[in-house]
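Sequential numbering from 1 along the given sequence is applied to the chain's residues. What you see is a predicted model, and the numbers here were worked out from it, not measured in a lab.
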Amino acid sequence: HFWRDWFEYVKKQLLKKGFINEEDLRLFLVTDNVDEAVEEVLKFYRNYHSLRYTRQGLVLRLQRAPTPAQLDAINREFAYLFPKSGEGSSNPSFKVSGPLPVEKDEPALAHLARLVFQFNRRDHGGLRMLIDHLNSL
C-alpha cells in the first residue's frame, strides 16, 4: 500500500498544484504484479538502448533508427523537448546519426543508431514518452 499511497500523494500534492506535469507520471509504474513489472522493463528496452549527453546534444542510442517518415513525425510531435528560443540552437530538430566522435571510447556501441537532439533538460516525462514512441516503431 505504501507505493499506491505515495502515488496518490504525488497526484494530489504535486500534479494538482502544478509542480509536475501529467507526462511526469510516465516516469514510473506502480504495480504489485511481477509480470506487469517485467513487461514494463522489456518494453522500455525494445528499441531504446541508452543515452549520453554530449556537446552535440542528447544522444539516444537505438537498436533501429526511425525511417525518414517516422523522423518527420517525431520532429512534429516532440518539438516541445527542444530548448526554447534563445536557449539553444536556432533550428532544432531530431537527427539520425551513427556514432559521434566523442563516443570513440565505447566501441561496443558503435553498431547502434543514434537520435541526436538538443534537449531542454526539463521535460523528462516527455523524454520518456519519446522513448516509448521509439520503442513502438
Side-chain angles (χ1 to χ4, degrees):
H1 298 286
F2 174 85
W3 291 110
R4 294 206 188 280
D5 291 345
W6 173 83
F7 186 47
E8 289 305 312
Y9 168 83
V10 167
K11 290 190 294 188
K12 289 178 185 172
Q13 298 299 321
L14 302 179
L15 180 63
K16 191 174 183 180
K17 293 180 180 178
F19 293 115
I20 64 172
N21 296 320
E22 184 79 29
E23 293 86 11
D24 293 326
L25 300 177
R26 301 280 299 267
L27 291 170
F28 57 87
L29 171 70
V30 176
T31 183
D32 56 6
N33 181 303
V34 172
D35 293 333
E36 189 177 8
V38 168
E39 178 56 30
E40 180 73 6
V41 173
L42 293 175
K43 187 173 65 173
F44 185 74
Y45 289 104
R46 191 162 286 143
N47 187 19
Y48 170 79
H49 181 278
S50 56
L51 64 78
R52 181 173 180 169
Y53 284 96
T54 71
R55 288 184 181 184
Q56 290 81 14
L58 180 61
V59 178
L60 297 181
R61 298 174 181 132
L62 307 169
Q63 301 294 335
R64 296 170 310 282
T67 66
Q70 292 166 335
L71 186 61
D72 286 344
I74 289 167
N75 270 301
R76 284 190 307 276
E77 187 174 343
F78 294 98
Y80 68 94
L81 295 178
F82 302 137
K84 292 182 179 169
S85 177
E87 294 178 359
S89 70
S90 59
N91 190 17
S93 66
F94 293 93
K95 295 176 178 60
V96 173
S97 173
L100 301 176
V102 70
E103 296 179 288
K104 66 180 180 247
D105 61 334
E106 300 173 300
L109 305 177
H111 68 284
L112 297 170
R114 272 83 170 151
L115 188 65
V116 182
F117 66 102
Q118 294 298 317
F119 179 47
N120 65 28
R121 296 186 185 218
R122 283 186 306 273
D123 292 308
H124 289 90
L127 178 59
R128 171 60 194 264
M129 292 172 64
L130 171 61
I131 291 170
D132 288 346
H133 179 80
L134 292 165
N135 285 327
S136 72
L137 301 178

**Message:** Quick one, Lys84 with Asn120, criterion side chain to side chain contact (heavy atoms under 4.5 Å, CB included). Give me CA distance, side-chain angles, the key distance, then yes/no.
**Reply:** CA-CA 8 Å; Lys84 292 182 179 169; Asn120 65 28; over 6 Å; no
Q.
Apply side chain to side chain contact (heavy atoms under 4.5 Å, CB included) to residues Arg64 and Leu137 and explain how you reach the verdict.
A. CA-CA 8 Å; Arg64 296 170 310 282; Leu137 301 178; 5.6 Å; no
Working for side chain to side chain contact (heavy atoms under 4.5 Å, CB included), residues Glu103 and Arg114: CA-CA 11 Å; Glu103 296 179 288; Arg114 272 83 170 151; 3.0 Å; yes
_Apply ring pair (Phe, Tyr, Trp, His ring centres under 6.0 Å) to residues Phe94 and Phe82 and explain how you reach the verdict._
CA-CA 9 Å; Phe94 293 93; Phe82 302 137; 4.9 Å; yes
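Checked by atom type and distance alone, the side chain of Asn135 pairs as donor or acceptor with a backbone atom of Tyr48 at under 3.5 Å. Judged by distance alone, with hydrogens and angles left aside, the side-chain atoms of Asn21 form no donor-acceptor pair with the main-chain N or O of Asp24 at under 3.5 Å. Judged by distance alone, with hydrogens and angles left aside, the side-chain atoms of Gln70 form a donor-acceptor pair with the main-chain N or O of Thr67 at under 3.5 Å.
In terms of heavy-atom proximity, Leu51 sits nearest to Arg61 at O-NH1, 4.1 Å. Residues Pro66 and Leu134 approach most closely at CG-CD2, 4.5 Å, considering heavy atoms.
Salt-bridge formation is not detected for the pair Lys43/Asp132: no Lys NZ or Arg NE/NH1/NH2 atom is positioned less than 4.0 Å from an Asp or Glu carboxylate oxygen. Ion pairing between Arg122 and Glu23 fails under the 4.0 Å rule for side-chain N and carboxylate O. Look at Lys11 and Glu22 and you find no salt bridge, because none of the NZ, NE, NH1 or NH2 atoms lies under 4.0 Å from a carboxylate O. Here Asp72 does not pair with Arg76 in a salt bridge; the nearest charged N to carboxylate O distance is not below 4.0 Å.
Atoms CZ and CG, from Arg52 and Asp105 in turn, are 4.5 Å apart once rounded to the nearest 0.5 Å.
Ring geometry for Phe28 against Phe7 counts as perpendicular: the plane angle is over 60°, on a 0 to 90° scale with 30° as the lower cut. Taking the six-membered ring for Trp and thresholds of 30 and 60 degrees, His133 and Phe78 have ring planes inclined between 30 and 60 degrees apart.
Between Val10 and Leu15 the shortest side-chain heavy-atom distance does not fall below 4.5 Å.
Hydrophobic clustering, with ILVMFWY side chains joined whenever heavy atoms are under 4.5 angstrom apart, groups Val41 together with Met129.
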